[in-house]
Amino acid sequence: MARVELLALLCLAGTLGAQATAGPRPDARVGVYELKLGDFSVKVTNWGARLMSVVLPDCKGNLADIVLGRDTVAEYFNDTSYFGPITGRVAQRISRGRFVLDGKVYHLQRNDGRNTIHGGGTAFSKSVWTVKEYVGGGDSPYVTLYYHSFDGEQGFPGNLDAYVTYRVSGPYTLGVHMSATALDRATPVNLLLHAYWNLGGQGSGDVLGHELRLHASRYAVLDEELLPSSGRVAPVAGTPLDFRTPTPIGARIRQVTGGKVVGYDANYVVDGEGMRPVAQVRDGASGRAVELWANQATVQLYTGNWLNHTQGKGGGVYDQYAGFTLETMGYVDAVNHPEFPSQTLLPGQEYKHDMVFKFSF
């Protein structure tokens, strides 16, 4: 079994101690869990069920970590860039921080101007998840994490049990399997993994030269607040959002804005149904590539538009476009759009979200 790097956060007397009133904080139950298969290594922490690192070779055999983030769990405490966590109970944005379910209006934490993003300011991404199982080595190392979201947490109705399993299922293959069950009341659920990738290695510069292919011929039209206010879905053909053939991420980036800043923060409707290919990305310089498969309806492409000399690993900093995200999920703000497929679970129903990252070099 690989070593569990339990973090001694030693009273958090300094910086974190002064910030303790800001919300929940890591404690002695927090650890870092390594999944290792040969020279492929993945690290996860149960603070926010967060993906901390993915290390693999390039075409010359040089190892590098391709996930943006921090060096220690303590440094994630006040992270506002969402480096690597599972977000929920409903990820991405909910218009005006409200929705109506079974005739009742629910009001949520507003943490994105007038709106709610990633469920609110606390809970899933800023809580300690329980480690249910952990096998760090062998042919299929994995860790399973559990979180109980109580009735009324972040304003959402009903008790919810959520799980995520990170599994190295083969050479250079990482599976991320999310599930949740509504225990007693109907509730919306839409979880996502908010990991930033740079196939050249975190801290190696921008990702504008990465070639991206998306299996998506349509996109949800978003307004300036990155909400699908019109409820329209439009073809990508003839727009700067068209990645149906491999295209450098930076080729048309100056033609798009994601929330009043230049860059992609776009929601694509993935072609097909069930477990299917979503995207391929390749970095020509390192030779590293990734193929993403998932079973969700949409994927959000975000190019780190708001990174601005943001603290990163090893004393480095991340500037704009230092990484990209591919966040598979249900439709954005589906709770306020009956024309979109529902994200509401009835009591006893289970939500399942599977992602598989197949890396090569």
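A side-chain donor-acceptor contact under 3.5 Å links W129 to the backbone of F124. Between the side chain of R213 and the backbone N or O of R244 there is at least one donor-acceptor pair closer than 3.5 Å. Using modelled atom types, one side-chain atom of R89 and one backbone atom of P157 make a donor-acceptor pair closer than 3.5 Å. N267 places no side-chain N or O within donor-acceptor distance of the main-chain N or O of T298, the cut-off being under 3.5 Å. Between the side chain of S204 and the backbone N or O of Q202 there is no donor-acceptor pair closer than 3.5 Å. Looking at N198, its side chain does come within 3.5 Å of a backbone N or O of G205 through a donor-acceptor pair. Side chain of R288 to main chain of L199: a donor-acceptor pair is present (N/O by atom type, distance under 3.5 Å, no hydrogens or angles). The main-chain N or O of G314 is found under 3.5 Å from a side-chain atom of D71 such that the two form a donor-acceptor pair. Side chain of N46 to main chain of G31: a donor-acceptor pair is present (N/O by atom type, distance under 3.5 Å, no hydrogens or angles). Judged by distance alone, the side chain of T116 and the main-chain N or O of Q109 form a donor-acceptor pair under 3.5 Å.
Atom CD in Q92 sits 9.0 Å away from atom CG in L227 (nearest 0.5 Å). Taken to the nearest 0.5 Å, the CD atom of Q349 stands 9.5 Å off from the OG1 atom of T344. With rounding to the nearest 0.5 angstrom, the CG atom of L208 is 7.5 Å from the CD1 atom of I249. Atom CG of D161 sits about 3.5 Å away from atom OH of Y146, to the nearest 0.5 Å. Atoms CZ and CD, on F357 and E291 in that order, are 12.0 Å from each other to the nearest 0.5 Å. To the nearest 0.5 angstrom, M52 atom CE is 11.5 Å from E34 atom CD.
In this structure, R252 satisfies the cation-pi test against F243, with its NZ or CZ atom closer than 6.0 Å to the six-membered ring centre and inside 45 degrees of the ring normal.
Nearest heavy-atom pair, R276 versus D271, reported as atom, atom and distance to 0.1 Å: NE-O, 2.9 Å. Closest heavy-atom contact between K260 and E224: CE-OE1, 3.5 Å. Heavy atoms only, all atoms of each residue included: D265 and L222 are closest at O-CD1, 3.6 Å. Between P85 and S125, the shortest heavy-atom contact is CB-CB, 3.7 Å. S229 approaches D223 most closely through the heavy-atom pair OG-OD2, 2.9 Å. When every heavy atom of L307 is checked against every heavy atom of S81, the shortest pair comes out as CD2-OG, 4.0 Å.
Residue M178 is grouped with residue V131 when hydrophobic side chains (ILVMFWY) are merged at heavy-atom distances under 4.5 angstrom, including chains of intermediate members. Both V256 and V281 are members of a single hydrophobic cluster when ILVMFWY side chains are connected at heavy-atom separations under 4.5 Å.
Salt bridge status for R167 with E133: absent, with no side-chain N to carboxylate O gap under 4.0 Å. Of the charged side-chain nitrogens involved, none lies within less than 4.0 Å of a carboxylate oxygen, so that E225 and R93 do not count as a salt-bridged pair.
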- Where do V207 and W197 land on the side chain to side chain contact (heavy atoms under 4.5 Å, CB included) test, with the steps shown first? CA-CA 9 Å; V207 295; W197 305 93; over 6 Å; no
- Message: Applying side chain to side chain contact (heavy atoms under 4.5 Å, CB included) to F359 and I66, what does each step give before you reach the verdict?
- Response: CA-CA 11 Å; F359 299 97; I66 61 172; 3.5 Å; yes
- Task: Tell me, with the steps shown, if Y321 and V262 meet side chain to side chain contact (heavy atoms under 4.5 Å, CB included).
- Result: CA-CA 10 Å; Y321 317 133; V262 172; 3.5 Å; yes
- Message: Applying side chain to side chain contact (heavy atoms under 4.5 Å, CB included) to Y331 and V233, what does each step give before you reach the verdict?
- Response: CA-CA 11 Å; Y331 279 74; V233 173; 4.3 Å; yes
- Task: Evaluate the criterion side-chain hydrogen bond (donor to acceptor under 3.5 Å, both in side chains) for residue pair N115 and D112; output intermediate values, then yes/no.
- Result: CA-CA 5 Å; N115 309 307; D112 184 46; 4.7 Å; no
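Applying side chain to side chain contact (heavy atoms under 4.5 Å, CB included) to Q280 and the options E211, H215, K358 leaves one that passes, H215. Here the rule is side chain to side chain contact (heavy atoms under 4.5 Å, CB included) with T173, and of L37, V168, V356 only V356 fits it. Checking each of Y134, W47, Y142 against Y33 for a ring-ring contact (aromatic ring centres under 6.0 Å, His included) leaves exactly one that passes, namely Y134.
Between Y196 and Y302, the ring planes are perpendicular. Angles over 60° get that label, and only those under 30° would be called parallel. Ring geometry for Y351 versus H353: interplanar angle over 60°, hence perpendicular rather than tilted (30 to 60°). The aromatic rings of H118 and Y82 stand perpendicular to each other, their planes meeting at an angle above 60°, with 30° marking the opposite boundary.
Checked against the 6.0 Å centroid threshold, F361 and Y172 count as a close aromatic pair. Residues Y76 and F83 keep their aromatic ring centres 6.0 Å or farther apart.
A heavy-atom distance below 4.5 Å is found between the side chains of F40 and V54. The shortest distance between side-chain heavy atoms of D319 and D206 does not fall below 4.5 Å. Using a 4.5 Å heavy-atom cutoff, the side chains of L241 and Y264 are in contact. Counting only heavy atoms from C-beta outward, the side chains of T328 and V270 never approach each other to under 4.5 Å. Side chains of R185 and D102 form no contact here, defined as non-hydrogen atoms less than 4.5 Å apart.
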